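All remarks here apply to the structure that follows.
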Amino acid sequence: MVDALGVAVVGFGWMGRVHTRAYARVRHHYPRLPLRPELIAVADEVPGRAEGAAAQFGFASATRDWRDVAADPRVRAVSVTAPNFLHRAIGVAMAEAGKHVWIEKPVGLTTGDARAVADAVAGAGVQGAVGFNYRNAPAVEAARELIAAGEIGAVTHARIRLFSDYAAHPDAALTWRFERERGGSGVLGDLASHGADLARFLLGDIASLTADTAVFVPERARPTAATAGHTRAAGGEPGPVENEDYVGCLLRFASGARGVLEACRVSVGEQNAYGFEVHGTRGALFWDFRRLNELGVSRGTAYQDQPVSTVHAGPGHGEFAAFQPGAANAMGYDDLKVVEAQRFLRSIAEGIPYGATVTDAVRAAAVLDAMARSAERGTWVSPEAAG
């Protein structure tokens, strides 16, 4: 028997739409899932946006106040896809109202914010999932299994990169993302948070790090109307960019491996250039988000001049079989969110967390706080101490 689960989405920008589509598709790919999500409520403070979402996607109700969602007894699970500065208040309130929470990274502005949500989730006995979607790629999950099995030997060093041009244009609007009070950190929270999670997911805990940050576009125009995504606002009143465009970081893992994590939101010529290279004593692994379904693998006993093979993701790699019948049939970004939705709903059904959790968000946030502290002090910092 399949039980209906009332769900809501708070914040209906691009990511709110992605979550909504994931709810709509999840049982297409996972027909045995014991829960059937029903779109009950959508909330967004921008006039008309929630109503438009309800009309397009079929939510039963729409509101401008997320508190209405917290008070709605029909809603049992909530996607929190609002701006970062609202994550803590919304996440805590929803958990305390007894609702399961699927919240986008970075889960607030600080480690304290993420921990407050995690504590509320634990205290209420509900499930808390976090949107670290890149770990859901079948090729990434395959890489993790190869590393754990020792297929490339002991990991010696790794490089994780997240380069994008979404803020490269000087006319990009001065939205909340560029403000400390509402956005917190800049590329740290937006992109490096994914890098911190991938680093831990693949290679384990980070013992210490040293980082440097920079702002390359110091001033932008304020938007004159509501914005969604990464819009432009030429001609608006100029204001200062308050958080970083770039971060470069050296990592020391608890295993003894070394790493480099680099992220930038103003990289001209780079569109979603996210990926990693992991080197071991007997081999290496290579993944690029833009070639989502491919994993470069070098393993064997040649050491010098050892070739790299391209492995195409297929059934047997992560959740690939839920989407395609054979290797090299492409999956896409939205599919990773469907995987995430399935794991969130499965967690609710079974009472056991699957996938990235709010605890993972706390650990990633501690890494980000350590990066910020290191850049400020010019020293090595332990994420544990920073968190």
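The chain is numbered in sequence order, starting from 1. Keep in mind it's a predicted model, so treat the numbers as computed, not measured.
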How would you list, by chain and number, every residue that makes a side chain to side chain donor-acceptor pair (under 3.5 Å) with Arg64, sequence neighbours excluded?
none
Is a side-chain N or O of His317 found less than 3.5 angstrom from the main chain of Gly314, in a donor-acceptor match?
yes
Mind checking salt bridge (charged side-chain N to carboxylate O under 4.0 Å, His left out) for Arg220 and listing every partner two or more places apart, or none if nothing turns up?
none
Is any side-chain N of the basic residue among Glu179 and Arg182 closer than 4.0 Å to the acidic one's carboxylate O?
yes
Flag the pair Thr20 / Arg17 as yes when at least one side-chain heavy-atom distance between them is below 4.5 Å, and no otherwise.
no
Kindly determine whether Glu38 and Tyr23 satisfy side chain to side chain donor-acceptor pair (under 3.5 Å), including the steps that lead there.
CA-CA 8 Å; Glu38 290 188 350; Tyr23 285 130; over 6 Å; no
Pair Asp165 + Arg265, salt bridge at N-O below 4.0 Å:
no
Is Asn293 reaching over with its side chain to a backbone N or O of Ala328, donor-acceptor style, under 3.5 angstrom?
no
Residues in side-chain contact (heavy atoms from CB on, under 4.5 Å) contact with Ala22, at least two apart in sequence or another chain
Trp102, Lys337, Val338, Ala341
Donor-acceptor check, side chain of Asp119 to backbone of Ala116, threshold 3.5 angstrom: yes or no?
no
Interatomic spacing from CG in Asp65 to CG in Asp68 - rounded to 0.5 Å:
4.5 Å
So that I can tick it off, tell me whether Glu270 and Arg290 are bridged by a salt bridge, with the cut-off set at under 4.0 angstrom between side-chain N and carboxylate O.
yes
One pair to check against ring pair (Phe, Tyr, Trp, His ring centres under 6.0 Å): Phe344 and His19. What are the steps and the verdict?
CA-CA 11 Å; Phe344 176 47; His19 276 233; 8.7 Å; no
Donor-acceptor pair, side chain of Gln324 and main chain of Ala330, under 3.5 angstrom
yes
Looking at Asp334 and Arg21, is there a salt bridge between them, counting it only when a charged N and a carboxylate O are closer than 4.0 Å?
yes
Backbone N or O of Gly248 within a donor-acceptor pair of the Glu262 side chain at under 3.5 Å?
no
CH2 (Trp176) and CZ (Phe178) are apart, to the nearest 0.5 Å, by 10.0 Å
Can you pull out every side-chain hydrogen bond (donor to acceptor under 3.5 Å, both in side chains) where at least one residue sits in residues 137-149? Sequence neighbours excluded, please.
Glu141-Arg343
Does Gln306 have any side chain to side chain donor-acceptor pair (under 3.5 Å) partners at least two apart in sequence or in another chain, and if so, which?
Ser298
Short side-chain donor-acceptor distance under 3.5 Å, Ser267 and Tyr246
no
Partner residues of Glu294 under the side-chain contact (heavy atoms from CB on, under 4.5 Å) criterion, sequence neighbours left out:
Arg291, Thr310, His312
When rounded to the nearest 0.5 angstrom, what distance separates OG in Ser185 from CG in Leu368?
6.0 Å
Within the supplied structure, the quantity of interest is the number of heavy atoms (other residues, nucleotides, ligands) at a distance under 6.0 Å from Glu45 CD; does it exceed 12?
no
Asp190 vs Arg177 side-chain heavy atoms within contact, under 4.5 Å:
yes
For Arg363, all residues meeting salt bridge (charged side-chain N to carboxylate O under 4.0 Å, His left out), sequence neighbours excluded
none
List the atom pairs, with distances to 0.1 Å, where a side-chain N or O of residues 71-78 and a protein N or O form a donor-acceptor pair under 3.5 Å, not counting sequence neighbours.
unit_1	atom_1	unit_2	atom_2	d
Asp72	OD1	Arg74	N	2.9
Asp72	OD1	Arg74	NE	3.1
Asp72	OD2	Arg74	NE	3.3
Asp72	OD2	Arg74	NH2	2.7
Arg74	NH2	Ser61	OG	3.1
Arg76	NH1	Ala4	O	3.4

Just so I know, are the side chains of Asp212 and Val247 near enough to count as touching, which here means a heavy-atom distance under 4.5 Å?
no
Any Phe132 side-chain heavy atom under 4.5 Å of Leu198 side chain:
no
Could you list the donor-acceptor pairs under 3.5 angstrom formed between side-chain atoms of residues 203-211 and any protein atom two or more places apart in sequence or on another chain?
unit_1	atom_1	unit_2	atom_2	d
Asp205	OD1	Arg200	NE	3.4
Thr210	OG1	Ser374	OG	3.4

I want to check something: taking the side chain as every heavy atom from C-beta on, are Ser164 and Gln271 in contact at a cut-off of under 4.5 Å?
no
Is a side-chain donor or acceptor of Arg346 paired with a backbone partner of Tyr354 at a separation under 3.5 angstrom?
no
First locate atom OG1 of Thr110, then atom CG of Asn84, and finally report the distance between them rounded to the nearest 0.5 Å.
11.0 Å
With the threshold set at 4.0 Å, does a side-chain nitrogen-carboxylate oxygen contact exist between Arg299 and Glu151?
yes
Donor-acceptor pair, side chain of Glu244 and main chain of Val215, under 3.5 angstrom:
no
Taking the side chain as every heavy atom from C-beta outward, state whether Asp3 and Pro34 have any pair of such atoms under 4.5 Å apart.
no
Output all residues satisfying side-chain contact (heavy atoms from CB on, under 4.5 Å) with Ala137, sequence neighbours left out; order by chain, then residue number.
Val140, Trp287, Leu292, Leu336
Just so I know, are the side chains of Val217 and Asp245 near enough to count as touching, which here means a heavy-atom distance under 4.5 Å?
yes
Using side-chain contact (heavy atoms from CB on, under 4.5 Å) as the criterion, list what pairs up with Ala124, not counting sequence neighbours.
Val126
Just by distance, do the side chain of Asp369 and the backbone of Thr111 share a donor-acceptor pair under 3.5 Å?
yes
The complete set of ring-ring contact (aromatic ring centres under 6.0 Å, His included) pairs with one or both residues in residues 33-86, sequence neighbours excluded, reads Phe12-Phe57
Answer yes or no: is there an ion pair linking Glu51 with Arg49, defined by an N-O contact shorter than 4.0 Å?
no
Near-ring test Tyr166/Trp14, centroid separation under 6.0 angstrom
no
Please lay out, stage by stage, how Arg159 and Glu277 fare under the test salt bridge (Lys or Arg N to Asp or Glu O under 4.0 Å).
CA-CA 5 Å; Arg159 178 174 177 254; Glu277 303 152 14; 3.4 Å; yes
Report yes if some heavy atom in the side chain of Cys249 is under 4.5 Å from a heavy atom in the side chain of Met371; otherwise report no.
yes
Heavy-atom donor-acceptor pair, Asp197 side chain to His194 backbone, under 3.5 Å
no
For the rings on Tyr274 and Phe163, is their centre-to-centre separation under 6.0 Å?
no
